[in-house]
Asks: 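Sharing a structure, written as structure tokens. Questions coming.
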Amino acid sequence: MNHSLADNYAVSYLLQLTRPSFLIDSQGHIRRVNAAMERLCGLPNARMADLPLLSLVHPYDRSVNQSLLRRLWCGERDELRQELCLMLGHGRLLHVQMEGILLRNPGGEQHCVLASLADLSGRPGVALHERRAALKFYHRVTGWAFPPLFRDRVQQVLRQSRYRRQQAALMLLGFGQKHQADQLEKVFHQRRFLVKLMERLEALRRPDSFLGHYGHNQLGIVVEEAEPLHLLADWVQEVLETSRNVIAGELPGASIRPYAGLALFPGNGGHFDELATSAALALHKAGQDLGAGFHFSDADTQALTLSRLERHRQLQQAIRNGELILFYQPVFDLRRRKIQSVEALIRWQHPTRGLLLPADFLADLEHLELLREIGQQILVQACSQAREWRRTMPDLRLSINTFPQLFLRPDFPNRLDQALAAADLPPEALQLEITEETLVAALRDTPQHFDTLRHRGVRIAIDDYGSGASSLSQLHRADIQTLKIDGRMIGTLPACAPTAAMASAILDTARHCNFDVVAEGVETAEQFHFLQKLDCQQLQGYYLARPMPAEHFTLFDGKLPVFH
Ligand code: G
Ligand code: MN
């Protein structure tokens, strides 16, 4: 039996157990947990696999646990039995009995340890013990770890990050400036303020982070996966913004502001003390600098983050000034020889740089609330424009590029309803364009959207089809009606034989599966005729019509200029 067979055997054994159980490898890392363990810890297997078991064990019980495991592993003992305290996130402690046995493969080599837990929390005396332990390690009001435990958790995270070769980050959150120290003392004794801050920060908490008290007046947050750094920076800003709001709400009049210092592991420090020193220096800088409110100890990251912040600010300004506008590009139906639908495309009419395309100003802003806002505005504005046009072209359909930040939100269908209702546009007039990535993410996270949209009668098109990685079965599951073949593919036609074959195959498949197909980015007469020969029904691109402001669109009168 080879290694993976032994693995299968161990896993199938594990999955039969009803008690919370898991497999541990020779490094002391959890390999796999069963459903009862997932329930106990409130974490899915995917988040626990690879965790060092020790990161769940209370510091009091660690050395015993480690030595028992070692003795089991080297054959000194046949089984392990230990009462210990588990730390299950946010101050939750659980008293358990852990039992373990060593599983060997048929060759006799040690394979892994199978461990099971029995919950002892109902036993008299345990609750008191837990409460005492909790008081020693966790803040009474916030429930966050005190500095010694926080330090310990950070070290665990760093070990973990080194093992996974990930970049981690340590963030220190300070409040106010040095000369306001006495005012600050008071702040951290304001129960209401602390409770509010705790609630709000917990709501923002990333699943890969641990939050604790760091020193007297500071909080520390360690983040397991610092990358991508721009998402980290966005999140830091959210934390600061939230803290500012809590201060404004709970301590009106206090001249205190939150600021943050961040250091990256291992770049800015290879172990806790070094990393904490870097973060403290960055915090100091942030405290003196009245600008952004945060400082990365890493100069490049700081520069990059600030430039993003500046772009974000300019974009907000652009929205206020009404500089974001919609252009419209018709999609032509060859058989019916008329405009079939119109795609709304966002543009930034920049006062000095001219007309900007989305790629120029939306790239790498994925995470921002702003994008959601822009997405929603597009929806509202385009719907009312479509309603206008449908007075003269009653079967005109509107197609809208929908950002994943908007589409993947649970409340997206409601927002859509509002936009449709406000514009008095029937749902069948609307088509949402999503990318293959968004399709895959939505099938995973918000599959109910597809049913809801189908019921409404809103159509879904896959944008840039052929550039992503969705399968036919996923298109089918989501009940997609339209495929828009990626313009970059069309651009190589008709010269590129493999692309021509692919385009033809997509069209064939689409006919069988009842998809509509739109060829995007049709720029030349050759492409136009080639696609016509392939019997592609719908075409869009510069050759037929460029994207244009709404007022030009009416000039077409629903007819295709090349057919005039
Ligand atoms: O990803 P999506 O297909 O929504 O992108 C549409 C973008 O392609 C718009 O910004 C639009 O201006 C641009 N576009 C539309 N037609 C053509 C075309 O024929 N050629 C090129 N290069 N771009 C086009
Ligand atoms: Mn599109």
Side-chain angles (χ1 to χ4, degrees), residues 324-332 334 339-350 353-366 371 374-375 378-379 381-383 385-386 397-407 430-439 442 458-470 475 480-496 499 503 506 515-532 536 538-550 552-553 556 560-562:
L324 291 194
I325 50 174
L326 287 179
F327 270 36
Y328 296 89
Q329 187 181 31
V331 175
F332 290 98
L334 282 187
I339 294 178
Q340 198 267 348
S341 61
V342 55
E343 176 173 0
L345 296 160
I346 180 109
R347 297 288 185 263
W348 181 353
Q349 187 65 65
H350 196 282
R353 291 163 64 202
L355 193 67
L356 302 182
L357 300 177
D360 302 329
F361 61 93
L362 293 183
D364 81 359
L365 291 179
E366 301 95 332
L371 251 168
I374 296 175
I378 295 177
L379 210 58
Q381 198 179 329
C383 283
Q385 182 62 65
R397 191 176 293 142
L398 170 73
S399 198
I400 297 185
N401 298 293
T402 315
F403 300 139
Q405 291 79 2
L406 193 63
F407 191 84
L430 188 63
Q431 171 167 280
L432 301 172
E433 296 188 15
I434 59 175
T435 61
E436 290 174 83
E437 286 71 33
T438 309
L439 169 72
V458 174
R459 301 167 60 97
I460 300 180
I462 300 300
D463 207 359
D464 306 331
Y465 183 71
S467 65
S470 64
L475 297 177
I480 298 301
Q481 290 95 5
T482 306
L483 303 180
K484 300 190 73 174
I485 304 180
D486 192 9
R488 282 160 295 187
M489 230 167 119
I490 302 298
T492 65
L493 292 177
C496 177
T499 312
I506 292 177
F515 293 126
D516 283 355
V517 176
V518 179
E520 290 186 301
V522 180
E523 290 184 345
T524 65
E526 288 81 43
Q527 286 163 5
F528 179 84
H529 293 302
F530 184 77
L531 289 160
Q532 202 171 20
C536 181
Q538 296 177 42
L539 302 179
Q540 176 181 8
Y542 293 170
Y543 178 67
L544 301 137
R546 292 192 166 245
M548 62 195 105
H552 295 187
F553 182 75
F556 277 89
L560 184 61
V562 286

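Sequential numbering from 1 along the given sequence is applied to the chain's residues. Atoms within a ligand are numbered from 1 in the order they appear, just like the ligands themselves.
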Asks: Please report the closest heavy-atom contact between Q527 and I490, naming both atoms and the distance.
Replies: NE2-O, 3.5 Å

Asks: Is the shortest heavy-atom distance from the side chain of P358 to the side chain of W348 under 4.5 Å?
Replies: no

Asks: Do you know which two heavy atoms are closest between Y328 and A382, and how far apart they sit?
Replies: OH-CA, 3.7 Å

Asks: Sort out the contact shell of ligand 1: every protein residue with a heavy-atom distance below 4.0 Å, listed by chain and number.
Replies: Q329, E343, L345, R347, N401, D463, D464, E520, G521, V522, E523, G541, Y542, P547

Asks: For the pair E436 (side chain) and Y465 (backbone), establish whether a donor and an acceptor sit closer than 3.5 Å, ignoring hydrogens and angles.
Replies: no

Asks: If you define the side chain from C-beta out and look only at heavy atoms, does anything of Y542 sit under 4.5 Å from Q329?
Replies: yes

Asks: So, S341 and S399: side-chain donor and acceptor under 3.5 Å apart, yes or no?
Replies: no

Asks: Are R459 and D516 close enough for a salt bridge, meaning some N to O gap below 4.0 Å?
Replies: yes

Asks: Considering the options Q431, R397, Q540, which one meets the side chain to side chain donor-acceptor pair (under 3.5 Å) requirement together with E343?
Replies: Q540

Asks: Please report the number of protein N, O or S atoms that lie less than 2.8 Å from the Mn ion (ligand 2).
Replies: 4

Asks: In terms of relative ring orientation, are Y543 and F528 parallel, tilted or perpendicular, with 30° and 60° separating the classes?
Replies: tilted

